[in-house]
Structures are given as structure tokens and as C-alpha cells.
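Below: the structure, in C-alpha cells.
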Amino acid sequence: MIDKQIGSPAEAVREIFDGATVMIGGFGEAGSPIELIHALIDQGTRDLTVVNNNTGSGHVGLAALIENRQVRKMICSFPRTANSLVFPELYRAGEIELELVPQGTLAERIRAGGAGIPAFYTPSSVGTPLAEGKEVRQFDGQDYVMEYGLTADFSLIKCRQADRLGNLVYNKTARNFAPVMAMAGRRTIVQAREIVPVGAIDPECVVTPGIFVQGIVQVSDPLHESLLVAEGRSYP
Amino acid sequence: MIDKQIGSPAEAVREIFDGATVMIGGFGEAGSPIELIHALIDQGTRDLTVVNNNTGSGHVGLAALIENRQVRKMICSFPRTANSLVFPELYRAGEIELELVPQGTLAERIRAGGAGIPAFYTPSSVGTPLAEGKEVRQFDGQDYVMEYGLTADFSLIKCRQADRLGNLVYNKTARNFAPVMAMAGRRTIVQAREIVPVGAIDPECVVTPGIFVQGIVQVSDPLHESLLVAEGRSYP
Amino acid sequence: MNNAAAETNAEKIGWSREEMAQRTAMDIPNGAYVNLGIGIPELVARFVPEGREVIYHTENGLLGMGPVGDDGGEPELINAGKKRVSAIPGAAFFHHADSFSMIRGGHLDVCVLGAMQVAENGDLANWSTGAPDAIPAVGGAMDLVAGVKTIYVITQHVTKQGDPKLLERCTMPLTGVGIVSRIYTDLAVIDVTDAGFRVAEMAPGVDFEYLQERTGATLLPPGS
Amino acid sequence: MNNAAAETNAEKIGWSREEMAQRTAMDIPNGAYVNLGIGIPELVARFVPEGREVIYHTENGLLGMGPVGDDGGEPELINAGKKRVSAIPGAAFFHHADSFSMIRGGHLDVCVLGAMQVAENGDLANWSTGAPDAIPAVGGAMDLVAGVKTIYVITQHVTKQGDPKLLERCTMPLTGVGIVSRIYTDLAVIDVTDAGFRVAEMAPGVDFEYLQERTGATLLPPGS
């Protein structure tokens, strides 16, 4: 029988190794797999390359992972937000690398990686500093930039419901990067609010089919990043 | 108010012009918008380039459109099936063009066209006759073929439910090419089994968001291609 | 009102943020699919003229975003500015790659963005001052300007320091090249044409000379 | 049994189609995601060993295809061969681009295909005879062989005319280059190795010499 359930976040992140590339779902706090990130902090895995749209806020979740000096490089589109305190400081001090990618190009690079597409052309960023050093090519008289597919050793994502086969559905705009990161991660680990019996999710409504998922851990009542930040909490 | 409903298949295909590129949904009969195709036969529009996985069967639907000499060129992955009678004859007589594309490349080219990606690289067909004349490029020591995005003047598709905004859900494996063709058609015309009130389709389960749809016509009880073929029927 | 009077009462000259948004909303047709940037552009949604239905897209994965200010109360129902929003009946949720396919694929009709600088050739700079110590952050701006059919800009006509934001050429790093169609400032509505900036309308109390003085490129007069 | 006897009773030598499928099924591990080609490969699903759960993918847009022969009775629930099938609990439907992302992106573990020819370097020809009047048709074969992690072939060892199908080099147009791992024929199980075809097992009544005579490339003996 196939059963992708894992007992705890700690167990779920155990295989993540120093130097790994890790995609982390979420757009701001929506969809952020905060318990998996905290387990990764507990584990102390270092020298990570992290792919996320942002760099976290306050001193919890992704921001805490960065603050704990576990991240060598961020690949993201928007590294500063209202409560983004940790990354800017380390970046200015030259202690963390940044690869800045337009948000749509980031999403498409992740999807391409998951879909076996090594590279594609996009009009986004043509004529801007973010296209510098990249191959530009004309199609039908228009300029496009070549961008590479992006894969990861691990993807950590969050969902609303999962079954033991790894079929997933999400909650509203918390879906964001998770489905494409699930495709692009060689091992995709999901924290699910609820694990339901096989057959409970309508096959017409499955967003991420189980083939893209390698491990599921139930986190029924996940922490709310914005609440923790408002309370001035930090992790660990 | 936005209301994309159209009164009849005849009205729905009215704008399709001689020489247009038309994507037609369906994998075999599953998902084939047969009433829209028949309306196009009634209309007599000629010199079409048609994108479909196959070439129809018997003497109805897509096969009838081809038989009626309205199609100049087919772009497809599998032009012959058990009951494919019309295309092989015209093809051997040199009376119809064929662009043969591997099925996954066809799907990805359509998606790319709809997503504003002019070209991408794929490992499919490398080293085969279908890669001849195409640009081959190495990434990470592996060969890939460059393929172009594909768009259409019109896409004709079929769905299970639609609302007046054009949100669509499909029926089982009849989904196949329709969602990507909806993206790639400058005007996407849908025949829906049922038109439901706005709000009736769960926003988490919408497969094709309304932005990709320009016209909807209700066909409550569509013809079954396989039954027509079994009965030896032909259209018109 | 002459220029001298205008300058002494500078705070009273020109349109308010709401008026700029309202003026912009008049140019968005019924049935349009629209993406609104953060800041003044968000206000546009408040002023959809009677009888028009407009569908709002937020690039983090929602088509059919509810009225601005309507806080759905859910931390996982947010817009691109990470503010809580609601979803209308007939909304759809989707993932980021699908969302940016709508953008890049030319499916959105209008995008309204803020600006640091706009050039007379339609170039836009709105993501980075280019200052050496700035943390660069781009988000979806470059995708939006590259993909959406019509790009409108809403911006104050000059910076807080009084420097013009409408220029012959942008001096800050570009977001996109030649993509702005129309600019709605507190002082005027200005079209970006092949011949440069053409004034379409001026706010009450603003005359052409006044506007030209505050603009870093030659303006073409209305109707020219 | 000697070769002479074998030849007079040719129809009795070797594995049946079901036995070939059963032998293949033994090599598919628990939890595998599997795509089965049209013909004998479809039979593999009947022989999943006790205690294993295997998920079947059909490239037209279904993960979790039901048992072969289980006709769901719905014209819109079909497999890649356009036969009616069923869906298991826990199935998912998706569109073609998503389906081929699973294939091209390396997410499927095993694909079992039929063959016209297989070469000792792993080349496969299974889509076109190359005859000048043939209507070319490729379907998803080129995507499957380019993307799925392990490609198995099930085929009769020789053509109906008695010509070998396992060759030094394919003479028909290729489907993919160097992608076949293992071949299950009516006469043997043969691995494609860097050194060429290596026999892993032979059907009852088949000996090495018999097999070599019917093969268009030099065979390496079992265990070599």
C-alpha cells in the first residue's frame, strides 16, 4: 500500500541536507509551511539555497531560518516587505546572496523545472537591469529573454487537505506557488491541515495529483505568522 | 454586466473567417465540440488550419469538416485512428497538409502560446525524424529541441458547466486539451452542457477561469460521435 | 487662477487621489479584466461607473477579487500587496504559473500602476531607485508591463521634493520599455504618443504653462 | 527440447502474452507511477503482485486509471488508446499540458511500451515503419520515452514474418535514442546494457543458441 504520511515535521525534514536547494511555498504568510520551516531550524541544516517569493517577516518562519544563518542564497522576487527585518541587514552586510527574479518568471521557471523544460523565452524584464547578461532573442520581431527551468532537492509546502496518496487541495490564495513547487521538488514534503480518506477529494478538483508529493505530515492547527510577528515572537 | 452567452452554435462560429487557425478540443470523441464543428460546416468557412490531437472518425464532426474540404492543414499528433477514413485519403492525394507534433509537445506548445511564451526547449523527439530541421541545443550536457508556442484565432471547446463569466469545469478525460486551448485562442468559444448561475462553481474547482473565454453556447444534449459513427451517419 | 496664486495655494491645486482614481476608472470599459497596483491604483476599484462590470485580478492567484476595503478576514485570502481581501461570486483561485500566464499571455485588458518615473517614449521606472544600498525588489511589475494589453499609470505629477516624474528619459532602472499608454496625475491626464506626451485633460486650476513647468519633457497641447 | 523440436512446435515455445505481462509486472515496485502503452503492455496491470499498489497514468489526463477491462461505461472516461476505462478512488483528472508535465518532468517511474524494433544501444522504433505511403502518427510515444525514468518494452521476439526485432541498429524511424532498459519478449527477458543486450532470463524451452538465432545483434549470456 502507498502511504506517504510522516509522523512529525521533524521526521519530514530529516533528509534535507547541508547545501540543498529548498523551495518553500507561500506568498507572504499565505501558504507558508511554518511548522516545516521551524523543524528545519531545529535541525540546523545549513548552506541552503531557498526559493520563495519573499524573505519572511519578523523573526519567525522563513525570516528565522535566514536569521539563524542557515540560508546561503535566496532566489526570490520581492525580498523586502513591511516586516522584513532580517534579510535586508544580512544582505547589506554581504552575508547572504540574492538572485532577484521577476515574480512571473520565477513562477514559470519553477513550473518549467517541474515539467522537464530546461529553458524558455519570456518578454518579462526585456530592456531592464534584470535582463543584463541574459540571452535575448527575437521572435516575430519582438525581444525575449531566455530563462532557465528551476528544480529543487526539496519542496516544502502547505495545503488544506491531503490524502495518503498525496492528492492535495489548497485554501484560497494560499495555493500560490505550492502546485508548481510540488512539481519542481525532487522530494516534496507537505504540511496538511487535514488528512482525508482516499476518495474524499473530488478527482475533478484535485489541484496537485499525488505523483508530485513524497511526504505528508498533518499540522491541524498551524501557527499564524502574522500573529507571531504582531506579538514580537521569535523562533526558536 | 458581463454575459458571454450566445444563442446558438451558428451564431457562436459566425466570426470565424476563411484562412483562420482554429484549435478544436477533444481527444478522440471525448471533449469534441461536435455541435460547434457542425455549425462551422454549415457556415462553409474554408482554408482553415485546424489544431486537434487527431483527425476525427467516420463522417461526422472533425472528419466531416475535413471531408467537406474546409481544412487546408492539420496540426496534430495522431492523424489516424480506427475509424479515421477521411484524412488518410486526402493526405495521400496531397490535398491536405499535415504538421505532425508529438502529443506532449503539442500540448506544451499550446500552453506556451496561451502563456505568452514564444518558444521553449523539450527533450521529446531529440534524435528522431520529428526533430529534423529544428534547433537542437544542449543544457547540462543533454540535447533539447526548440519548439514554438502556438496560438489560434479561435478555439472551440466543450465543457460540462459554465457560468455567464466563462468559468468552466469539464467532465473527466474530456478535459484533455480544452484548458490550454482556451488560453491559446484569441476568441475561445465553448459549448457547455449546462449553464449555471454565477457562484455555483466552487472557486477552488474552476478549471478554466472566465478570462480565457469569450463566448458560451449551451448544448444540453450533445451528439455522441461514436454512436453516429457506429450508425454510419455522416454530416451534413 | 493664475500660476502665482496656484503656487501659494499649492495644496489646493489639482485632483485628489480619489479624483485621479475616479478619472482612471472612467477609461476602463465594461467587461474588462483589470490588475491594480499597490497604492492609489487600488482606489480605482471604488469608482467603477454605473452599469459596468469589471473583474479584478490579483497576481498571487485570484480572479474576481472583491471590492477594495472588503476584508474577508482570512489570512489566506490576500491580494498582491498582502492585504486581506474578499472574493466575489464567480471568482476563481489558481496557482502562480497560471496567474502569470494570464498576465504574460496578454489576457488582461488593463493594468494600473504607480510610478517613480515615466518617459515620453512610454518607459516606466517603478521598482528601484537604483540607489547602491537599496534592497532590490521587483515583484510582478515587469511581468505586468510586459504582458497586459494596456498600461495606465497613476502618479503625483512631481515628487515630494517637487522634481518632475514625467521625463524625456527615465534615470532610474526601468521596469519596462515603451509600455505606458496614459498617465493620470494630480494635475492632468496625459497620453503617451509616438510624438511624446500629449495633454488630454487638465485639472481645474491648472493651465498648460503651469503643467509644462512641472514636466521634464515637452508637452503637446490638448487636441494637437 | 532441442531447436528442431522447438521449430516444429513453434507455437508452443515461449511465453504467452499474459506471461510476458506477468513477468513485467514483477519488476514494477510498490508505489510506482506507471504508464502502459497500447496492446500487450495494457495486460501488465492485471498482474500486480500481491501487496503492491501501483498507480496508472494515462496521458490523456488521468492519474489513477482503474483496472484494465473495467469499462466505466462513459464515453468521456477513456484511456490513451481511446478505450473506455474507470477511475479509482483517489484518482485525479487534469489537462494535457499538466499530464505531459508529469511525463516530461520525470515524475513517472515506469513506462511499458510495444516496439517494432529495439537496438542494442537502447534505441526504440515504435511509431512508423518509414514506408513512404504511411500516414505518420506519433501520439505521446516520443514524450514518454524522453521523460519517464525507466522504459520497458514488451514485444514478440520476432515479427510475424520471422524477422528479428532486436537489432544492432534500428532501421525504422526512431522514437527515442538510448532509452530502453529492459525487453520482455515471448522468448526471454533481456537487459540493455552498455555492452549490449544481456539475457536475464529465458522462457522454458528456449536456450541461448535458439535465442541468438532469432536476434539481430550479439547477445551476452545470462550472468555474464
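Source: prediction; values computed, not measured. Naming convention: chains lettered A, B, ... in sequence-line order (proteins, then strands); numbering from 1 in each chain.
Within 6.0 Å of atom CD in C:Glu18, more than 12 heavy atoms from other residues, nucleotides or ligands are found, so the atom counts as buried in its surroundings. More than 12 heavy atoms of other shown residues, nucleotides or ligands fall within 6.0 angstrom of atom CG in C:Asp133. Other residues, nucleotides and ligands place no more than 12 heavy atoms under 6.0 Å from the CZ atom of A:Arg233.
In this pair, C:His96 and A:Phe177 present their aromatic rings parallel. The plane angle is below 30°, not in the 30 to 60° band.
A:Gln103 has its side chain within reach of C:Phe100: a pair of non-hydrogen atoms, C-beta onward, lies under 4.5 Å apart. Proximity of C:Pro136 to A:Tyr91: side-chain heavy atoms (C-beta onward) are separated by under 4.5 Å at one or more points. Within the 4.5 Å cutoff, side-chain heavy atoms of C:Arg84 are placed close to those of A:Ser226.
At a 4.5 Å heavy-atom cutoff, A:Val207 makes no contact with chain C through either its backbone or its side chain. For C:Ile135, the parts sitting under 4.5 Å from any heavy atom of chain A are the backbone and the side chain alike. At a 4.5 Å heavy-atom cutoff, A:Tyr170 makes no contact with chain C through either its backbone or its side chain. Contacts between C:Ser128 and chain A at a heavy-atom distance below 4.5 Å are absent for every atom of the residue. With a threshold of 4.5 angstrom between heavy atoms, A:Ser125 approaches chain C through its backbone and through its side chain. In this structure, chain C has a heavy atom under 4.5 Å from the side chain of A:Leu98, while its backbone stays farther away.
Between C:Asp143 atom CG and A:Thr122 atom OG1 the span is 6.5 Å, to the nearest 0.5 Å. Atom NZ of C:Lys82 and atom CG of A:Asn53 lie 6.0 Å apart (nearest 0.5 Å). Atom CG of residue C:Leu62 and atom CG of residue A:Asn176 lie 12.0 Å apart, to the nearest 0.5 angstrom. Atom-to-atom distance recorded for A:Thr105:OG1 and C:Met142:CE is 9.0 Å, nearest 0.5 angstrom. C:Glu74 CD to A:Thr173 OG1: the interatomic distance, rounded to the nearest 0.5 Å, is 8.5 Å. Taking OG1 from A:Thr128 and CG from C:Leu124, the interatomic distance works out to 11.5 Å, rounded to the nearest 0.5 Å.
Judged by distance alone, the side chain of A:Arg175 and the main-chain N or O of C:Gly61 form no donor-acceptor pair under 3.5 Å. Judged purely by atom type and a 3.5 angstrom limit, A:Ser124 has no side-chain atom pairing as donor or acceptor with the backbone of C:Ala146. For C:Arg104 (side chain) and A:Gly104 (main-chain N/O), a donor-acceptor pair under 3.5 Å exists by modelled atom type.
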message: Assess the residue pair C:Asp98 and A:Arg111 against the criterion (side chain to side chain contact (heavy atoms under 4.5 Å, CB included)); give the C-alpha distance rounded to whole Å, side-chain angles, the decisive distance to 0.1 Å, and a yes or no.
response: CA-CA 10 Å; C:Asp98 281 349; A:Arg111 189 233 170 229; over 6 Å; no
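Your options are A:Ala178, A:Ala30, A:Ala112, and the one with the most heavy-atom pairs under 4.5 Å with chain C is A:Ala30. Most heavy-atom pairs under 4.5 Å with chain A: of the set C:Val138, C:Leu174, C:Val85, this distinction falls to C:Val138. Among C:Val177, C:Leu77, C:Leu144, the residue with the largest count of heavy-atom pairs under 4.5 Å with chain A is C:Leu77. If you tally non-hydrogen atom pairs under 4.5 Å between each of A:Leu130, A:Val180, A:Leu227 and chain C, the highest count goes to A:Leu130. Top candidate by heavy-atom pairs under 4.5 Å with chain A, chosen from C:Ala97, C:Gly147, C:Gly139, is C:Gly139.
In this structure C:Glu42 satisfies the side-chain contact (heavy atoms from CB on, under 4.5 Å) test together with C:Ile38, C:Val68, C:Asn79, C:Lys83, sequence neighbours excluded.
Ion pairing between a basic and an acidic side chain is recognised when a charged N comes within 4.0 Å of a carboxylate O; A:Lys158 and C:Glu76 show such pairing.
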